[in-house]
Amino acid sequence: MDLLGLCLPYQPGGMTEREVSVTLLFFAGARDLAGVERATVTLTASTTPEQLLAEVVRSFGEITNLRDSLIISLNQEYCEPGQGLELSNGDEIAIIPPISGG
Amino acid sequence: MSDGGGTAGHSLAEAGDGMQDRSQWSKEKLLEELQKKEEENQNLKLQLQQHQNATGSYSPVISSDILNHQLQAIGERPLTCAQVARYSRQLILPEFGPRGQRMLSAASVLIVGCGGLGCPAAVYLAAAGVGRLGLVDYDLVELNNLHRQVLHTEERVGTSKALSIAQSIKALNSEVEVVPYEISFTSSVALEVVKQYEVVLDCTDNVATRYLLNDACVLADRPLVSGSALRFEGQLTVYHHQGGPCFRCIHPKPPPPETVTNCSDGGVLGAVPGVIGCMQALEAIKIITNVGTPLSQKLLLFDGLRGTFLTVKLRGMKSTCEICGEEPSIKQLIDYEQFCGAAATDKDKGVTLLERNERVTVEEYRTLMEANKPHVLIDVRLPVELEICSLPNCINIPLKDIDKAESISLIQKKLSDLGSKSVVCVCRRGNDSQLAVRQLEASLSQPDYQVKDIIGGLTAWAHKIDNSMPVY
Ligand SMILES: [Zn+2]
C-alpha cells in the first residue's frame, strides 16, 4: 500500500494525497438525504472521520445537517471522532444516523 | 394489628418449646424438620404472591422490597409441574434449561413505550414467563396504531395503551405479574420506576425520552436494550452493559430536531418494529439468563427492504462520557426536552411560521373555490400521499422540489395561463405548506404574487368541510 504512495511523483509544496476507491453505505435519514443506498467514491486514503465526511458532503451535500449525530464505521468497526484512518481500496464505510421511531 | 401482635407472641412461645424438644433430635430428624419448614415457607410465599396478584397486580405503586423478596423466592424454587409443561420447549434447550426458566421467572423487565416495539417485546417476554413486566405509556390506543401495535384491539381504541397491553398479556400468561404505568415518563418519575426493574427496554418513539431513559439506566445501573424502527429499517443495541457504551457515549449531541423523522410523518411497515421488538425481548432474556452474547458494544442494523442485517462493532464505554464516564457532569436527571430542543413525543409539533394574513382557513378556501376565483393550488406532499386523498385541480410539487427552477417556471406558466397572481399551498396538516410559502416567496420573482397556505391542511378540510375525505 505504501509503495503506491512512493510511486507518486514528488510535487513541490507538498505530497499528493493518495486516493482510494471505497463503498459508502447510507442508512436511514442519510439514505433519504443522499438519495442512494450505496455509492462508490474516491476518497483520500489517510483521513479522519471528520475529513472523510467533509469529502462525502462534497458529493452528497444534503447530509450536512446530520453531521454531528452520525455514526461512521469502517468495515463494520466504529470510528472514533478524530481517529486516524488508513483507507484501502474496496473498504466499506457506513454512514448511520440514529433512528428514534418506535 | 392487635390480632397480629397476639399471634406473634404465641408463635414465639411455640418456637421456644420447639427448641427444647429439638435439642434431643437426631441429625436425620433435624434435616427432615428443616425440609418440612422450608416447604411451609415456600407455600406461604406462594400464597402471598397469589394474594398480591389477585388484589394488587394492577397497582402502579409497588413495594420493591416485598416484591424482590418474593421473586427471589421464586428463583430458588423448583419449577412446578404446570411450569414444566408450559415451558417444555424452551426448557429442553441445553443453554437455557430449568435454570434459565427459574431465572426468568424471578426477573423483572421494564418496557418503556407500549407501541410498535413494546407490543412484540412484551408478548415474547410474557410468553417466555418473565416474572414481572412493567409497562409504561401515557398514550391512548388509536386506530392507526393497530397495523403495528399488535397487542391492542379495535375495541380498545381510545383506552390506555399500558392497560391494553396488560390485558392482552394476562390472557396470554396469567403467571406473569403485569404492572401498567399510565404515566408520562418524565425526569421526576423515571429513576424511581427504572430502579424497580432489572432490565429496561427502550421502546419509545422520540429522542428526548431516549436520552432520559439512557441517563436513568446509567444512574440506576441497569442494562438498556434499545430498539428503534422507521419505514423499512430498524436498529438494536444494548447500552450500559458489560463495559459497553451508553447512548451518550455514542451520541453526545442530540440530533437537530428538523433531522428527526417520526413514524407519523415517515411511515413504518408494522413487521419492521415487529422484528426489532422481538429481538429486544430476546436480548433481555439473554441478559437475564446469561445465555449467549448480548448485543453490547454492537449495533445491529436491519434493512427490511433488502432483508439484511449488518452488525457494526461500537466503541466501549467512553471515559469522558457526561453520564457514564469517569467524571460525569450529569449526576441527576435533567430537562430532556430542553436538551434536545424537541418535545418528548412523536406527535407533530405545529409550525407557526406565517402571519395570519398569509394564510387562509379551510372555510375561506371553500369560498374562494366556489367563487371560481382563478388561482394555482399546489399540494406539497409526496405523490404517494395524493393517492390517498387530494383537493380537485391541484398540482403536485413535493416540498423538497418546490424551489427548483422547473417548479418555479411551471407555477409561473400556470399563473399566466389563468391570468392570476394567486398561489395557495396545501399539505397534510398545514406545516409543510407554510415552509412552501416562504420558499416560494423567495423564488417567485414578481413581488405582487400572493402566496398563501391552508391552515390545518387536508386534515382540517376533512374535519370541517368534507367528512368523506380520509384522514391519515
Ligand atoms: Zn456513556
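Note that the structure is predicted; figures quoted are calculated from it, not measured. Below, read A as the first sequence line, B as the second, and so on, with proteins coming before strands; counting in each chain starts at 1.
- Chain B forms more heavy-atom pairs under 4.5 Å with one residue of A/Asn65, A/Leu25, A/Asn75 than with any other, namely A/Asn65.
- By the 4.0 Å N-to-carboxylate-O rule, B/Asp303 lies close enough to A/Arg31 to be salt-bridged with it.
- Taking chain B as the reference chain and counting heavy-atom pairs below 4.5 Å, the highest number among A/Gly102, A/Ser69, A/Ala28, A/Ser100 is found for A/Ser100.
- Comparing B/Asp202, B/Thr209, B/Thr259, B/Val260 by how many heavy-atom pairs each has under 4.5 Å with chain A, the most go to B/Thr259.
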* To do: Apply side chain to side chain contact (heavy atoms under 4.5 Å, CB included) to B/Val312 and A/Glu77, showing your working.
  => CA-CA 6 Å; B/Val312 171; A/Glu77 293 243 8; over 6 Å; no

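- Both the backbone and the side chain of B/Arg315 come within less than 4.5 Å of a heavy atom of chain A.
- With a 4.5 Å cut-off on non-hydrogen atoms, B/Leu301 touches chain A through its side chain but not through its backbone.
- Taking CG of B/Leu299 as the start and OH of A/Tyr78 as the end, the distance is 11.0 Å to the nearest 0.5 Å.
- Considering CD1 of A/Ile99 and CD1 of B/Ile276, their distance stands at 8.0 Å, rounded to 0.5 Å.
- Taking CZ of A/Arg67 as the reference point, atom NZ of B/Lys253 lies at 10.5 Å (rounded to 0.5 Å).
- When heavy atoms are compared at a cutoff of 4.5 Å, B/Pro255 approaches chain A by way of both its backbone and its side chain.
- Taking chain B as the reference chain and counting heavy-atom pairs below 4.5 Å, the highest number among A/Ala94, A/Pro81, A/Pro98 is found for A/Pro98.
- In this structure, the side chain of B/Gln235 does not engage the main chain of A/Ile96 through any donor-acceptor pair within 3.5 Å.
- Between chain A and the residues B/Lys400, B/Lys313, B/Gln297, the largest count of heavy-atom pairs under 4.5 Å involves B/Lys313.
- Neither the backbone nor the side chain of B/Ser226 has a heavy atom closer than 4.5 Å to any heavy atom of chain A.
- Atoms NE2 and CG, from B/His251 and A/Asp68 in turn, are 12.0 Å apart once rounded to the nearest 0.5 Å.
- Residue A/Gln76 holds its CD atom at 4.5 Å from CG of B/Leu310, rounded to the nearest 0.5 Å.
- Few gaps surround CZ on B/Phe339; more than 12 heavy atoms of other groups in view lie less than 6.0 Å from it.
- Of the atoms belonging to B/Asn206, it is backbone heavy atoms, and not side-chain ones, that fall under 4.5 Å from chain A.
- Shown here is B/Glu326, whose CD atom has no more than 12 heavy atoms of other residues, nucleotides or ligands within 6.0 Å.
- One finds the CD atom of A/Glu80 at 10.5 Å from the CG atom of B/Leu314 (value rounded to the nearest 0.5 Å).
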